[in-house]
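Below is one structure, written out as structure tokens; comments come after it.
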Amino acid sequence: WDEDAVIATSWLLSKGWRLYADVFSHHMPLDYLPGWAAASLFGPGPGLFRGFMLALWAAVCAGLYFIIGRGKDEEAVLVPFLFALLSSQWLTFWMGQMMLVENLWGYATVLLLALLPGPLGLAQSPATRGRAGAVGALLAVLLNASPVCILPLGCLVIWLLRGRGWRTSWRWLLAGFGLWFALYLPWCLRHTDLALWYEQVVWFN
């Protein structure tokens with residue numbers, strides 16, 4: 001199964017194997033970053049991987065509440081609780097698929113929709129430095145999650161550019177974007193063979 005493959009590959013990466021060179025994968029490196037962290041910290045137990053992803057899901061729920069739930073809009077206050085309820089129901093059915101990168105870029109998209117101003121009306125507060133930095137970092141995560149994320153990423157960038165206050169926050173957006181790559185690229189250089197990335201991820205798919 002896909003999750004079993006992700007867990008096994010992540011464990012091998014924690015033991016010094018290199019993605020693409022030592023173990024084949026048609027997935028992006030980001031797919032294995034959470035599993036590598038879990039294996040490096042706790043070992044290869046499948047239950048520990050599952051607990052790690054449940055903790056990540058809970059952190060996203062808490063972040064969504066921090067972004068939206070503390071606002072004054074009574075209708076928007078319900079959004080974090082609805083997300084927690086509905087996504088937890090899906091987690092029950094898809095318990096064997098939590099380690100997949102779809103969860104990661106799904107979380108990033110949900111948080112971006114909460115942070116960006118737009119038709120949903122969830123973020124009416126001004127574009128602060130912290131908010132702009134977080135948006136930049138989440139856009140970088142989305143860019144690195146999967147080639148199929150290019151279209152939703154483009155839509156979100158267009159959505160972002162339509163917000164008046166965000167056009168003046170481009171420095172902090174770039175700072176958040178750059179911070180993600182400053183942390184992510186060194187990990188990729190150490191644990192993956194990027195020379196084989198195009199052959200296995202793009203060409204194979």
Side-chain angles (χ1 to χ4, degrees), residues 1-57 59-60 87 90-91 93-113 135-160 174 176-205:
W1 287 26
D2 283 343
E3 185 178 61
D4 296 332
V6 170
I7 291 175
T9 302
S10 299
W11 180 71
L12 290 172
L13 294 183
S14 75
K15 297 302 180 183
W17 289 42
R18 298 193 72 201
L19 187 65
Y20 308 133
D22 300 320
V23 54
F24 171 83
S25 175
H26 64 282
H27 293 181
M28 296 283 279
L30 181 63
D31 207 2
Y32 305 101
L33 180 55
W36 165 85
S40 299
L41 292 172
F42 307 115
L48 293 172
F49 287 100
R50 191 61 47 75
F52 189 86
M53 292 302 289
L54 282 170
L56 179 61
W57 165 78
V60 172
S87 60
W90 279 108
L91 291 179
F93 291 108
W94 299 103
M95 190 61 78
Q97 301 295 325
M98 288 188 65
M99 292 296 299
L100 301 187
V101 74
E102 285 81 0
N103 287 298
L104 303 179
W105 70 263
Y107 294 154
T109 303
V110 167
L111 292 175
L112 280 167
L113 290 173
V135 167
L138 288 169
L139 287 173
V141 170
L142 199 57
L143 178 63
N144 289 274
S146 171
V148 301
C149 291
I150 297 300
L151 288 176
L153 175 67
C155 292
L156 286 166
V157 169
I158 293 173
W159 190 339
L160 175 65
L174 290 179
F177 196 86
L179 178 61
W180 165 259
F181 277 100
L183 298 173
Y184 180 65
L185 281 181
W187 181 86
C188 285
L189 291 174
R190 181 177 179 181
H191 296 285
T192 70
D193 187 343
L194 294 178
L196 296 173
W197 171 82
Y198 182 84
E199 178 182 345
Q200 293 191 22
V201 176
V202 179
W203 182 253
F204 178 85
N205 282 322

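Atoms considered below: every heavy atom in the structure, side chains included; atoms not considered: hydrogens, waters and symmetry mates.
- Ser146 has its side chain out of reach of Glu102: every pair of non-hydrogen atoms, C-beta onward, lies at least 4.5 Å apart.
- The heavy-atom pair separating Val23 from Gln200 by the smallest distance is O-OE1, 4.3 Å.
- Between the Arg18 side chain and the Leu189 main chain, a donor and an acceptor come within less than 3.5 Å of each other.
- Using the six-membered ring where Trp is involved, Trp187 and Trp36 have ring planes that are perpendicular, over 60° apart on the 30 and 60° scheme.
- Partners of Thr192 under the side chain to side chain donor-acceptor pair (under 3.5 Å) rule, at least two apart in sequence or in another chain, do not exist in this structure.
- Looking at residues two or more places apart in sequence or on another chain, you find a side chain to side chain donor-acceptor pair (under 3.5 Å) between Trp57 and Ser87.
- To the nearest 0.5 Å, atom CG of residue Asp22 and atom CG of residue Leu12 are 9.0 Å apart.
- Note that CG of Leu19 and OG of Ser25 are 5.0 Å apart. Values are rounded to the nearest 0.5 Å.
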* Applying side chain to side chain contact (heavy atoms under 4.5 Å, CB included), run through Leu104 and Val141 and close with a yes or a no. => CA-CA 8 Å; Leu104 303 179; Val141 170; 5.5 Å; no
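- Between the side chain of Glu3 and the backbone N or O of Met98, at least one donor-acceptor pair lies under 3.5 Å.
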* Verdict with supporting geometry, Trp105 and Asn144, side chain to side chain contact (heavy atoms under 4.5 Å, CB included) -> CA-CA 9 Å; Trp105 70 263; Asn144 289 274; over 6 Å; no
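- For Ala39 against Trp11, the heavy-atom pair with the smallest separation is CB-CA, 4.0 Å.
- In terms of heavy atoms, Leu138 sits closest to Leu111 at CD1-CB, 3.7 Å.
- Counting only heavy atoms from C-beta outward, the side chains of Met53 and Pro34 approach each other to under 4.5 Å.
- Using a 30° and 60° split on the angle between ring planes, Tyr184 and Phe181 fall in the perpendicular class, above 60°.
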* Verdict with reasoning, Met28 to Val201, per side chain to side chain contact (heavy atoms under 4.5 Å, CB included) -> CA-CA 7 Å; Met28 296 283 279; Val201 176; 3.9 Å; yes
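- Atom CG of Asp2 and atom CD1 of Ile7 lie 11.0 Å apart (nearest 0.5 Å).
- Counting all heavy atoms, side chain and backbone alike, Ser10 lies closest to Gly35 at CB-C, 3.3 Å.
- Within the model, atoms OG1 of Thr9 and NE2 of His27 stand 9.0 Å from one another, a figure rounded to the nearest 0.5 Å.
- Taking OG of Ser14 as the reference point, atom OH of Tyr32 lies at 14.0 Å (rounded to 0.5 Å).
- A distance of 12.0 Å separates CG of Leu156 from CG of Leu143, quoted to the nearest 0.5 Å.
- Contact annotation: the side chain of Tyr107 approaches that of Asn103 to within less than 4.5 Å [non-hydrogen atoms, C-beta and beyond].
- Judged by distance alone, the side chain of Asp193 and the main-chain N or O of Tyr20 form no donor-acceptor pair under 3.5 Å.
- Listed here is the closest heavy atom pair of Leu139 and Phe177: C-CE1, 4.2 Å.
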